[in-house]
Number of protein chains: 2
Amino acid sequence: MEHLQGHVGKVAVTVDLVVLTVRDEALCALVVRRGIEPFRGAWALPGGFVLEDEGLEEAAARELAEETGLRPGSVHVEQLATYGSPGRDPRARVVTVAYLALAPDLPVPAAGSDAADAQWCPVDDLLAGDGLAFDHAEILRDGVERARSKLEYSPLGAAFCAEEFTVAELRRVYEIVWGARLDPRNFHRKVTKTEAFLEPTGATTTRDGGRPAQLFRRGSAEHLHPPLLRRTT
Amino acid sequence: MEHLQGHVGKVAVTVDLVVLTVRDEALCALVVRRGIEPFRGAWALPGGFVLEDEGLEEAAARELAEETGLRPGSVHVEQLATYGSPGRDPRARVVTVAYLALAPDLPVPAAGSDAADAQWCPVDDLLAGDGLAFDHAEILRDGVERARSKLEYSPLGAAFCAEEFTVAELRRVYEIVWGARLDPRNFHRKVTKTEAFLEPTGATTTRDGGRPAQLFRRGSAEHLHPPLLRRTT
DNA sequence: ATTATTAGCGTCAGAATGACGATAAGGCGT
DNA sequence: ACGCCTTATCGTCATTCTGACGCTAATAAT
């Protein structure tokens, strides 16, 4: 950190977004089709350059809005990690700061912007093949793993749900993100007994069929104590 | 991610290191005295520019070696977070990728390099005052919080210990990093009963006084199941 | 009304944890 | 050699948390 003269290479800095949602019984990520080389025609994570005088978080929020047109309040965004291998972009040295966003099932990506077409795609499909541009498969993998951990230690599973949701809807989120079945009764006990995890709205719904279920909002808790761990194996 | 032309500002990228160790009953961080403006004379986290054709992790490892002269094997290094507020460096736009390193109590920083003098300083002192350059107080705070969490969910407390250590030495690490007292008997039960947390060496030592204690090495576990949580409050 | 379906409560056994007693095995002073 | 101090390590017991699973409640469809 001693000299700022030009003998050190300046590099381009981008933000890339791992935007996850739960749709059609699958954990899905937002991907855009690349219109130019390299990786023309391949899927890529949405993202773009950090502008001058723009903070990283700010850039991520801007890209997210451009790409999805969602109201900022309803989406959880956090920094994921930074990727800067010299060869990750064949054109030039590019360091990218990846952000993880957890969103409820949104209408449809509002596209409209640069990216030809943006769409939700199951992460299992994206990670199974080799179709993602650059090192985006690695970034996506890290994002998915982070999301899985978040469900254990934080109440952020609710970020995948609508503003108001039932315990069963929240449980489906857990089951789909973790890829494991959970006992409905034990899950119900855990989330309702954990302080500040859920906040009852007083209303009920029958949209899941059967007996009416209470509707909840996200509680004020930041962390889960104790956590809700997957697999005791 | 569509055009790489020059209409986007290129920025300088640095790595900064939060190197933590446990010394003299306190959690300490490695800091260097700044020799030039801005913040001349203030303490700063060690760090430096990422060279061309150098990966981020690689740059962090290089800086760590330059600053401490330690054998790479004995130190745990992981990416912490990236900081890039437009105003964080008054001279120019600088994005820094912070790394967290957990080290055993090393002889003394080998200084020798650029940084005038490097030394260990208790994090409580560093965070109490306002003496850290740039946004390094925020970075350090994040690093300390990450370290505290790591102790809960991973066996990395051992990264603060020598190659071979006793249960009591490991417990002291927890107590100092968390700033809380732990019951020696319950701690002993937890760490010895958790699969692959510790690997017995067969040897014993009396360096802590009293009855000889078994020596252990870090086990192969990556995570703790179930975790070792602080405060049940 | 009957049935299907989901919500939500209750029970019980096993695991994990916190509090803490008791014993083991060294060093040390006398 | 002997007792004492210190720390290591094991054990007990009550409490809490979890997994497995039975049972009743409340609605929609028939």
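Sequence lines set the chain letters: A, B, ... in the order given, protein chains first and strands last, and positions in each chain run from 1. Predicted model only: the values in this text are computed from it and were never measured.
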Contacts of B/E164 meeting salt bridge (charged side-chain N to carboxylate O under 4.0 Å, His left out) (sequence neighbours excluded), chain-then-number -> B/R217

Given atom [atom1] of [X] and atom [atom2] of [N], what is their separation to the nearest angstrom?
X      : N      : atom1 : atom2 : value
A/L198 : C/dA7  : CG    : P     : 14 Å
A/R172 : C/dA7  : CZ    : C1'   : 16 Å
B/F187 : D/dT7  : CZ    : P     : 16 Å
B/R181 : C/dG18 : CZ    : C1'   : 16 Å
B/L228 : C/dG18 : CG    : C1'   : 13 Å
B/L215 : D/dT7  : CG    : P     : 17 Å

Do we see a donor-acceptor contact under 3.5 Å between the side chains of A/D142 and A/Y83? yes

Do B/D208 and B/T166 pair up side chain to side chain, a donor and an acceptor below 3.5 Å, judged on atom types alone? yes

Whether the side chain of [X] and the base of [N] hold a donor-acceptor pair under 3.5 Å is what I'd like checked.
X      : N      : value
B/R189 : D/dG11 : no
B/R185 : D/dG11 : no
B/D208 : D/dA8  : no

Could you pull out all donor-acceptor pairs under 3.5 Å where a side-chain atom in residues 150-159 of chain A meets a protein atom, sequence neighbours excluded?
from	atom 1	to	atom 2	distance (Å)
A/K150	NZ	A/E78	OE1	3.1
A/E152	OE2	A/R230	N	3.0
A/E152	OE2	A/R230	NE	3.3
A/S154	OG	A/K150	O	2.7
A/S154	OG	A/L156	N	3.2

Closest approach to the side chain of [X], judged atom by atom: which nucleotide of [options] is it?
X      : options                : value
A/D183 : D/dC21, C/dA22, C/dA16 : D/dC21
A/Q214 : C/dG8, C/dA19, D/dT18  : C/dG8
A/N186 : D/dT18, C/dG18, D/dC21 : D/dC21
A/A213 : C/dC20, C/dA19, C/dA7  : C/dA7
A/H188 : C/dT17, D/dA8, C/dC9   : C/dC9

Residue mapping more 5' on DNA chain D - nearest nucleotide basis, B/R171 or A/K190: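 Comparing both residues, the 5'-ward one is B/R171.
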
For B/V167 and for A/P227, locate the closest nucleotide of DNA chain D by heavy-atom distance; then report the residue assigned to the nucleotide nearer the 5' terminus. B/V167

Tabulate atom names and distances for all N/O pairs under 3.5 angstrom spanning the protein and nucleotides 23-30 of chain C.
from	atom 1	to	atom 2	distance (Å)
C/dA24	O4'	B/R211	NH1	3.3
C/dA24	N3	B/R211	NH1	3.3

May I ask you to decide if the ring planes of A/Y174 and A/W178 are parallel, tilted or perpendicular, using 30° and 60° as cut-offs?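 Ring orientation of A/Y174 relative to A/W178: perpendicular.
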
Do the ring planes of B/H136 and B/F134 sit parallel (below 30°), tilted (30 to 60°) or perpendicular (above 60°)?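 B/H136 vs B/F134 ring planes: tilted.
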
I'd like to know if the side chain of A/R23 and the backbone of A/C28 have a donor-acceptor N/O pair within less than 3.5 Å. no

